[in-house]
Amino acid sequence: MTEQLRELARRRGFFFQANEAYGGVSGFYTYGPEGAALKRNVEDAWRDRFVTREGNMEIDSPTVTPEPVFVASGHLDGFDDMLVECAECGESHRADHVVEDETDIEDAETYPTEKVADIIADHDLACPSCGAPLAGQPVEEFNLMFDTTIGPGSGQPGYLRPETAQGMFTEFPRLKEYAREQLPFGVAQIGAGYRNEISPRNALVRAREFTMAELEYFVDPEGEGPDLDRVADVDLPLYPADAQAADGEEYVHLTPREALEEGVVRGEWVAYFLARSKEWFERVGVDMERFRFRQHLPGELAHYASDCWDAESEIDGGWVELEGVASRTDYDLSKHAEHADDTFTVFKQYDEPKTVERATVDPDMSYLGPEFGGDAADVADALEALAERDRAAFDGSAEQRSADSSSGETPREDQVTVEVEGEEYTVPTEKTGFSVEEVTESGRHVVPHVVEPAFGVGRAVYTVLAHNYHEDEVEGETRSVLRLPPEVAPTTVGVFPLMDKDGLGERAQDVAADLREAGLSVTYDDSGNIGRRYRRQDEVGTPYCVTVDYESLEDDTVTLRDRDSTDQVRVDVDDLADVLPSLTGGDRDFEDL
RNA sequence: GCGCCGAUGGUCCAGUGGUAGGACUCGAGCUUCCCAAGCUCGCGGCCCGGGUUCAAUUCCCGGUCGGCGCACCA
């Protein structure tokens, strides 16, 4: 099936390997005319569901991203792994981890690979799996992010984004303004992401450049949940972590509300988006008999996720991840708040203003300035942060006195020490302007939590193709047909003259032009006999075909043929522009015509 | 990245130390006329580099790409 599908995809222009004229490179694909249309329709359906109907906003951020963003997000640490492979058992290990586990060295991760290889040789380190010596084995670095240089010369380092999500996070300070600081709100993006996969496989399933559709839904961790009534009847095929540990594949079928009540799914928003996702996958043509939500096992969770469910489809006996619905908590926004020079919180007003005690500082800059020079402002910021965090530091705790006395200096109760970029600065407490005041707060700054449904568009397209490919037997002949939902089919209607003579061709051309003018995606075909033309359209999933015959010339009717049943009805030419959209939109059924 | 297998028209395959053939598709024409019909004609190909050889698509080496298994998939 896969081979036939792959062949169909190539031959009919759904997708194929890119740059084949130059030998091709693994992991890159071009969507041909049919595939690009199918993909666009899938994306449009996603946009309709997760942007328009959810009332979210869509953005479009750059794919080239400066390095500091990934320092903050944590991707820089995660992708720059050093691997060493055991010659004996073939197992790959993190070279830096081997070194750190077996020696006193604690920061092997920061060493160049050659040095790590030397250390392994010098210490006669062995393979953690089989015990064979690793000395002499090369230590190799692999980057999962594509790097680039921004600007001329050495420029500044940048990376192609491994996910579109960071764009939504880095622009959060503006986006929250557009949302009028009202949680919850969602920001979505459809675009390319890049991962320099070690071994791309399986066509669109694991590509190095691929389209993602991601929604970052920002919620108040203490706020109200979604309206689960709207998805009350959705049956979720759940495959929880504990069921995966057990033998067999026991799925649990629950509604979102049941799943929450039974504690299978943690988090109302996750449950809500699982339901919306399932409905959407069904809408674009994923077979629900070959679909499930699988919970990530604890060790499988990404560095940013607290809980994650993958939507998966079954293709040829294997399961393909289509979507991850992750609880990213406040990880991303907190990280960017730490690293970036902006505010990643939303101000949440209390119902009633509160009076609270708050520790503040008002540093004497006429002292700090001369004392610390250019660092004075940073010291002042550090003092403010310290006051919020630990007001005891300002009244000379026992611990601090003890520390001071042990250093041999005169105990000083009246000073406070802060650290700025590794340097310690000591300031007399009286110069900090420290005080504890009663203030009235009308609200507080909340770091929103993020619930992220992230879809792989290419994988969805691939699944839709695989799940809708059928071979019928028609009078002993095999008929290949893609039973795509009309909404996503690349072409809505094929228009043919029964024969290309006696004016039928001209009449059919007019019909095709009129339907195009009405906004429909139309293919005109006058080549070969009529049956061949129907089969061509069947193979690319065109749901309807219109044939102009001799009767058309008399009474302005045409035959309208249904892909799945191959049934035909006669329809007035003038009605086509209304009938076809109502059929594809699901407002009418073919049988009722 | 490792191992095994493979690479010949758009697609699927056969074959050969003297540059190749079929089927399907596609195009033109005739014929038929509502579900891959028939006939005629036509377009179109040996992954790349090196070696052996008078001569390599064929044999050898290396590479690239693909499939499968392992590893990897933050």
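Taking atom CD of residue A/E20 and atom C1' of nucleotide B/G10, one finds them 11 Å apart after rounding to whole Å. For the pair A/D549 CG and B/C35 P, the interatomic distance rounds to 12 Å; values are reported in whole Å. Going from atom CG of A/N19 over to atom P of B/G66 covers 12 Å, rounded to whole Å. Per the geometry, CG belonging to A/L5 stands 13 Å off P belonging to B/G67, to the nearest Å. Atoms CD (A/E34) and C1' (B/U11) sit 16 Å apart, rounded to a whole Å. Atoms CG (A/L204) and P (B/G67) sit 11 Å apart, rounded to a whole Å. Rounding to whole angstrom units, CZ of residue A/R208 and C1' of B/C72 are separated by 12 Å. We find that CD1 of A/I530 is positioned 14 Å from P of B/C33, with the value rounded to whole Å.
With a cut-off of 3.5 Å on both Watson-Crick or G-U wobble distances, the partner of B/U40 is given as B/A28. In this structure B/C59 sits in a base pair with B/G51, meeting the Watson-Crick or G-U test at under 3.5 Å. In this structure, B/U64 and B/A7 make a Watson-Crick or G-U wobble pair, each of the two defining distances being under 3.5 angstrom. Pairing partner, B/C46: none, since no Watson-Crick or wobble contact has both distances short of 3.5 Å. Look at B/G17: it lacks any Watson-Crick or wobble partner with both distances under 3.5 angstrom. Judged by Watson-Crick or G-U wobble contacts below 3.5 Å, the nucleotide B/C73 has no partner.
For the C1' atom pair drawn from B/C48 and B/C26, the interatomic distance equals 29 Å after rounding to whole Å. Comparing the P positions of B/A14 and B/U32 gives an interatomic distance of 40 Å, to the nearest angstrom. Distance noted for atom C1' between B/C47 and B/U64: 8 Å (whole Å). Using atom C1' as the reference point in both B/C46 and B/C12, the two lie 16 Å apart (nearest Å). Between B/G6 and B/G15, the two P atoms lie 13 Å apart (nearest whole Å). The separation of B/C59 from B/A71, taken at their C1' atoms, amounts to 34 Å, rounded to a whole angstrom. With P as the reference atom, B/U53 and B/U58 are 16 Å apart, rounded to whole Å. Using C1' as the reference atom, B/G17 and B/C24 are 31 Å apart when rounded to the nearest Å.
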(request) Show the numbers, then the answer: is there a side chain to side chain donor-acceptor pair (under 3.5 Å) between A/T557 and A/D555? (result) CA-CA 6 Å; A/T557 64; A/D555 64 2; 2.8 Å; yes
(request) May I have the step-by-step check of ring pair (Phe, Tyr, Trp, His ring centres under 6.0 Å) for A/W280 and A/F455, ending in yes or no? (result) CA-CA 11 Å; A/W280 181 79; A/F455 295 70; 5.3 Å; yes
(request) Check the pair A/Y159, A/T148 against side chain to side chain contact (heavy atoms under 4.5 Å, CB included), reporting the backbone distance first and the verdict last. (result) CA-CA 6 Å; A/Y159 300 89; A/T148 186; over 6 Å; no
(message) Show, in sequence, the C-alpha distance, side-chain angles and deciding distance for A/T492 and A/V522, and conclude whether the side chain to side chain contact (heavy atoms under 4.5 Å, CB included) test is met.
(response) CA-CA 6 Å; A/T492 304; A/V522 177; over 6 Å; no
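OP1 or OP2 of B/C72 has not a single side-chain nitrogen or oxygen of A/R195 nearer than 4.0 Å. At B/C35, none of the side-chain N or O atoms of A/R536 fall inside 4.0 Å of OP1 or OP2 (strictly under the cut-off). Regarding contacts with the backbone of B/U25, a side-chain N or O of A/R532 is found under 4.0 angstrom from either OP1 or OP2.
Between A/R507 and A/E551 no salt bridge is recorded (no basic side-chain N to carboxylate O distance below 4.0 Å).
A/E321 comes within 4.0 angstrom of no nucleic acid atom, judged by non-hydrogen atoms across all strands. No engagement by A/R533 is indicated, since no non-hydrogen atom pair under 4.0 Å with the nucleic acid exists. A/D538 comes within contact range of no nucleotide atom at all, as no heavy-atom separation falls under 4.0 Å. A/R206 comes within 4.0 angstrom of a base, heavy atoms only.
Distance from the side chain of A/Y534 is smallest to B/C35 among B/C65, B/A71, B/C35. Distances were taken from every side-chain heavy atom of A/S26 (C-beta onward) to each of B/C65, B/C34, B/C35; the shortest belongs to B/C65. Each of B/C65, B/C34, B/C35 was ranked by its minimum atom distance to the side chain of A/Q17; first place goes to B/C65. Ranking B/C34, B/C33, B/A36 by closeness to the A/S480 side chain, first place goes to B/A36.
Under 3.5 Å, the side chain of A/Q568 and the base of B/C34 form at least one donor-acceptor pair of N or O atoms. A donor and an acceptor atom never sit less than 3.5 Å apart when one is taken from the side chain of A/N529 and the other from the base of B/C33. Checked by distance alone, A/R11 brings no side-chain donor or acceptor within 3.5 Å of a matching partner on the base of B/C24. One cannot find a donor-acceptor pair under 3.5 Å joining the base of B/C35 and the side-chain atoms of A/R479. For A/T559 against B/C34, a side-chain-to-base donor-acceptor contact under 3.5 Å is present.
When the nearest nucleotides of RNA chain B are assigned to A/Y550 and A/P200 by heavy-atom distance, the more 5′-ward of the two goes with A/Y550. Both A/D500 and A/E539 lie close to RNA chain B; mapped to their nearest nucleotides by heavy-atom distance, the more 5′-ward contact belongs to A/D500.
A/R563 places no side-chain N or O within donor-acceptor distance of the main-chain N or O of A/Y534, the cut-off being under 3.5 Å. In this structure, A/R459 contributes its side chain and A/L204 its backbone to no donor-acceptor pair below 3.5 Å.
A cation-pi arrangement is absent between A/R294 and A/W319 under the rule of less than 6.0 angstrom and at most 45 degrees off the ring axis.
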